[in-house]
K.L.:
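I have a structure I would like to understand better, so I am pasting it below and will then ask my questions one at a time.
Count residues from 1 along the sequence.
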Amino acid sequence: MPLSWNEIKSRALEFSREWADEASEDAEGKSFGDAFFNVFGVPRRRVASFEKKVKKLDGKDGYIDLLWKGILLVEQKSRGKSLDRAYQQAKDYFPGIQDRDLPRYLLVSDFARFRLYDLEEDTQHEFPLKELYKHIRLFGFIAGYQTTSYKEQDPVNIKAAERMGKLHDKLKAIGYAGHELEVYLVRLLFCLFAEDTAIFERRQFQDLIEQRTAPDGQDLALWLHNLFEVLDTPPDRRLKNLDEQLDAFQYVNGNLFAERLRTAAFDRPMRDLLLECCALDWGRISPAIFGALFQSVMDPQQRRHLGAHYTTEKNILKLIGPLFLDELRAEFDKVKNQRKRLYEFHQRLAHLKFLDPACGCGNFLVIAYRELRRLELDILRTLHQDRSQLLDVHSEIRCNVDQFYGIELEEFPAQIAQTALWLMDHQMNLQVSEEFGQYFSRLPLTTSATIVNANALQHDWREIGNPQELNYILGNPPFGGAKFLNNEQRADMAAVFCDVSSAGLLDFVAAWYRKAADYMAENPAIKTAFVSTNSITQGEQVGVLWPDLLRRGLKINFAHRTFQWSSEARGKAAVHCVIIGFALHDTVDKRIFDYETVQAEAHEIKAKNINPYLVDAPDVVIHRRSTPLCPVPEIGIGNKPIDGGHYLFTRQERDEFLQKEPAAAPHFRRWLGADEFLNGYERWCLWLGDCSPNILKQLPESMKRVEAVRRYRLNSVSAPTRRLADTPTRFHVENMPHEAFLLVPKVSSERRHYIPLGFMEPNTIVSDLVFIIPHGTIFHFGVLSSAMHMAWVRSVCGRLKSDYRYSAGIVYNNFPWPQNPTDRQKQAIEAAAQAVLDARAQYPDSSLAALYDPLTMPPELVQAHRKLDAAVDAAYGRRKFSGDRDRLAFLFELYQQILSPLVATKNLRRKSTR
């Protein structure tokens, strides 16, 4: 057990006085080194060697004054000699030291001055020997005290996963696999972590391997087997003649080493791999990413894309901050000057309970626990500002890992989650030790988090944690889209939503919302927050999920609107997410975190209410409609040939076809889908649906196409498609207006401020990747091309990845148009809309994609749209809106106003028919 800081400081003062007086050119280096290590209560002979012989880069022999492998190299010079030369001499020894033994710290001294280099942090500190006691915390790494700053993209994370991954593969290759391999790796990971975080002594695990096992690795597995047994055995039950080096290991307990496993087998390369793992500084790996990082060890595919599969700490804090941490911090600030109330607050903190029902490797639980412990440390700092009195920290630390619960489907992540929480507990204990100068440890482990290996959608959550005792539910449930679920997941969804129609449209994550709502019904004080796919707040999923949740009394109390999840690192998946915080009770201070772009930083907005679209507006749920809410032209989809591509041509293909069959020219019509419309691609369609049989018979090349379409349809696995083979010249869906029509692309980039629309002539055939509005006028074009309509689109439309996916039933048919605009307002919109078309016409060689790219949009077009926005806003009775949020709040209220009479009339009709 490390000495307290007070004891170390006292010893440092005594050491400084003794050696500052005696320091001279005749000072004995070995005695000096022994005395220096004794300051920290560490026997020098156990950790470091004097006069280590190495080969320098020039081939000559060198003798290191003192080397603690992997940690510290000391070079001593006579009094008054150059410390710069001492430093250079120390660096000259590096080529003769194995990579895994290279030190992190260099200490050079002339018996009067100390200079300490931290080679990882690239820092140095110099001071007189007599002032050692003032700088003693710089040497915390010797005593076992060391605080670490963690970097999510620290190269040590990558190296650790790669090296352990190789060891995993080699063990698996020899037949050591499955459950045994998973448990074995968790144990090795714990040991590696333990010797760099003062659970074990520094290098204790590595020294056992290097000093006691054969270089060929043949006896390594047996030594590890014995070590695991020792770690699970209390000192009073260990064999009396147990090997001294094994007996020196701490009793761990916690059931981590309880299960008896088959003895594995190692060879020389595997032993070297384990030693390479030992050489890393595992203290730099935060338990916050410990779990998911080493889940990648088990999966070579994940290992190649390290970083794509763990949740960043920054994103976790986005959830736990508004869920509980901000509130607890505010309460602490309120009571910190009132000792009695602060004590009561501390007591309450220790009784909070948390559940992550899809905990994976425990990332959310680990960060939540860390923040709870940090808050507790602030409480203790405040309660014990007077450090003159000795504090018994063991009795003061009340928060523990047994306040945390989790459910995880896979066994290995569940084990990792429990281990990661222990490791975070130990790291926070080290911070307490550092703060109060007393070593505090919870070994042997006597408490643990409750992590259950189960299917969260089938398991009764009440069996894991009593809802009457739980305070918070949090996590990041699986993101599977409705179309990509396997049969078991579909069955789970059906069971959870047994009383909800159309539940098959919902993403997998939605089931956790329903399970949480049912669980919270037994304790409405519980607060919950989940990271989720943004799909559950958009499009048709809203109309399926949220009416059910709202009926159960669910209230959204905070939300992060769509943002991009973990997008910067190589290999990371660009997932677009939301965070929704909810409860069965309402709060006054509702918070929306909005993002200018999905990669931007959030800015907070206070809200009166947060509806299922994560907008400050009434709890409106938009259902699919077959006709428009307002008196405007109906919208329809384009044409769907189901032709196997035989009727579609590029310009070159059309020209080549017409060279063979010029008579087919009248039957070629321009073909537009969303891509062709936006990017200006030229494609053509051979339309034979209105070609008379006599004429068609005279077109042999065209007949070949008709026959090819017939065969294509006959070979389909779909019965309706096979029936279409009876009419091979016709399309499956035909929609060809006889007059000009308005075109709306189904999918458009989220980067655009406006979805580009356009008027088409009837001789153009459009695909089912666009919508068409027959009888659409310049007025309709103007309103649909406005910021008002785009605010509605962004909020209620579905998404294809992050792009807008326009819909007839949800977006267009539910859009609240201006009510009874005056002729003057209509004319203003029409004039502004025409100005938009005129601005486009100035750039005939530019595609709509280029014209509406925010980086290349012409100033004339920008200005024209701004004037159109103002004209449309005025038609709604408002001269100015502050932005999309203001427009949306207005539109949702208008939607309710328009809908209410319609609902009342519908209900009246129902009553009259009874």
Side-chain angles (χ1 to χ4, degrees), residues 1-2 40-42 46-48 67-73 98-105 118-121 137-152 154-164 167 185-211 224 227-228 231 245 248-250 252 256-257 273-291 293-294 297 366 370 416 419-434 439-443 445:
M1 180 182 296
F40 304 95
V42 177
R46 197 180 69 212
V47 298
L67 177 64
W68 186 0
K69 290 181 180 179
I71 299 171
L72 174 67
L73 186 152
Q98 290 191 59
D99 285 349
R100 64 176 179 240
D101 293 335
L102 288 172
R104 171 177 175 173
Y105 299 95
D118 184 336
L119 301 180
E120 283 185 5
E121 298 297 329
R137 288 183 182 254
L138 293 173
F139 298 91
F141 64 91
I142 298 178
Y145 298 106
Q146 188 171 12
T147 56
T148 306
S149 60
Y150 302 108
K151 304 171 186 174
E152 288 177 352
D154 194 321
V156 74
N157 298 342
I158 311 297
K159 291 178 182 177
E162 288 176 347
R163 293 178 189 180
M164 284 301 294
L167 186 58
L185 283 175
V186 173
R187 292 178 180 180
L188 289 177
L189 292 171
F190 180 88
C191 291
L192 291 164
F193 201 96
E195 71 171 356
D196 285 332
T197 56
I199 297 176
F200 298 164
E201 294 176 7
R202 290 298 288 264
R203 285 183 57 95
Q204 190 176 6
F205 182 58
Q206 184 173 350
D207 286 346
L208 179 73
I209 298 170
E210 284 186 333
Q211 297 169 10
L224 291 175
L227 172 62
F228 295 161
L231 295 174
Q245 200 164 352
F249 279 88
Q250 175 80 274
V252 174
L256 183 57
F257 297 93
L273 259 177
L274 185 54
L275 286 172
E276 287 176 15
C277 290
C278 291
L280 295 172
D281 183 0
W282 292 77
R284 283 167 51 187
I285 299 175
S286 168
I289 66 166
F290 178 87
L293 185 67
F294 293 108
V297 167
V366 168
R370 184 195 69 189
I416 284 285
T419 305
L421 276 162
W422 277 327
L423 296 176
M424 180 55 81
D425 180 64
H426 183 71
Q427 288 199 336
M428 295 312 300
N429 294 340
L430 288 180
Q431 285 195 22
V432 172
S433 304
E434 175 78 14
Y439 181 70
F440 173 57
S441 174
R442 281 179 169 145
L443 288 175
L445 300 170

K.L.:
Hey, is the main chain of Gln206 close enough, under 3.5 Å, to the side chain of Glu195 for a donor-acceptor pair?
P.N.:
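Looks like yes, one N/O pair under 3.5 Å.
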K.L.:
Rounded at 0.5 Å granularity, tell me how far OG1 in Thr419 sits from CZ in Phe190.
P.N.:
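Interatomic distance, Thr419 OG1 to Phe190 CZ, rounded to 0.5 Å: 8.0 Å.
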K.L.:
Where do Cys191 and Leu231 come nearest, in terms of heavy atoms and distance?
P.N.:
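Looks like SG-CD1, 3.9 Å.
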K.L.:
Give, for atom CG of Leu185 and atom CE of Met164, the distance between the pair rounded to the nearest 0.5 Å.
P.N.:
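Separation between the atoms: 4.5 Å.
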K.L.:
How far does CD1 of Ile71 sit from CG of Asp101, to the nearest 0.5 angstrom?
P.N.:
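The CD1 atom of Ile71 sits 10.0 Å away from the CG atom of Asp101.
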K.L.:
Quick check: do Leu224 and Phe205 have side-chain heavy atoms less than 4.5 Å from each other?
P.N.:
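Side chain of Leu224 against side chain of Phe205, heavy atoms only: contact under 4.5 Å found.
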K.L.:
If you measure from SG on Cys278 to CD1 on Ile209, what distance do you get to the nearest 0.5 Å?
P.N.:
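That separation rounds to 4.0 Å.
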K.L.:
For Trp282 and Cys277, indicate whether the former's side chain and the latter's backbone hold a donor-acceptor pair under 3.5 Å.
P.N.:
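Side chain of Trp282 to backbone of Cys277: a pair is present.
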K.L.:
Looking at side-chain heavy atoms only, is the closest gap between Trp68 and Ile142 below 4.5 Å?
P.N.:
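When only atoms from C-beta onward are counted, Ile142 and Trp68 do touch, with a gap below 4.5 Å.
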K.L.:
Does Arg104 reach the main-chain N or O of Asp118 with its side chain, forming a donor-acceptor pair under 3.5 Å?
P.N.:
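Answer holds: no.
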K.L.:
Taking the side chain as everything from C-beta on, heavy atoms only, tell me whether Phe257 gets closer than 4.5 Å to Val186.
P.N.:
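No, too far: nothing below the 4.5 Å cut-off.
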K.L.:
Look at the side chain of His426 and the backbone N and O of Thr197, then say whether any donor-acceptor pair between them is shorter than 3.5 Å.
P.N.:
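Indeed, once roles are kept as given, a pair shorter than 3.5 Å links the two residues.
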K.L.:
With a 4.5 Å limit on heavy-atom distance, are the side chains of Leu102 and Lys69 in contact?
P.N.:
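Answer no - side chains too far apart.
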K.L.:
What's the spacing between Leu189 CG and Ile416 CD1 if we round to 0.5 Å?
P.N.:
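Answer for the CG-CD1 pair, Leu189 versus Ile416, is 5.5 Å.
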K.L.:
Hey, is the main chain of Asp196 close enough, under 3.5 Å, to the side chain of Arg202 for a donor-acceptor pair?
P.N.:
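Flag not set: sc Arg202 to bb Asp196 has no pair under 3.5 Å.
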K.L.:
Considering non-hydrogen atoms only, spot the tightest contact between Met424 and Val366 and give its length.
P.N.:
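The pair with the smallest heavy-atom distance is CE-CG1, 3.6 Å.
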K.L.:
Holding to salt bridge (charged side-chain N to carboxylate O under 4.0 Å, His left out), I want the full list of residues that pass it with Arg442, two or more places apart in sequence or in another chain.
P.N.:
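For Arg442 the salt bridge (charged side-chain N to carboxylate O under 4.0 Å, His left out) partners, ignoring immediate neighbours, are Asp425.
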K.L.:
Using a 4.5 Å cut-off on heavy atoms from C-beta on, say whether the side chain of Gln204 contacts that of Ile199.
P.N.:
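With C-beta onward as the side chain, the pair stays apart.
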K.L.:
For the pair Arg163 (side chain) and Glu276 (backbone), establish whether a donor and an acceptor sit closer than 3.5 Å, ignoring hydrogens and angles.
P.N.:
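Yes, because the side chain of Arg163 sits within donor-acceptor range (under 3.5 Å) of the backbone of Glu276.
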K.L.:
Does any part of the side chain of Leu167, heavy atoms only, come nearer than 4.5 Å to the side chain of Leu188, both counted from C-beta?
P.N.:
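Answer yes - side chains close enough.
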K.L.:
Distance check, rounded to the nearest 0.5 Å: Leu443 atom CG versus Trp422 atom CH2?
P.N.:
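Spacing of CG (Leu443) from CH2 (Trp422) equals 10.5 Å.
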K.L.:
Below 4.5 Å, heavy atoms only, C-beta onward: do Tyr105 and Leu73 meet side chain to side chain?
P.N.:
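A side-chain contact under 4.5 Å is absent here.
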K.L.:
Measure across Ala279 and Arg100 and return the closest heavy-atom pair with its distance rounded to 0.1 Å.
P.N.:
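Ala279 and Arg100 have their closest heavy atoms at CB-CB, 3.0 Å.
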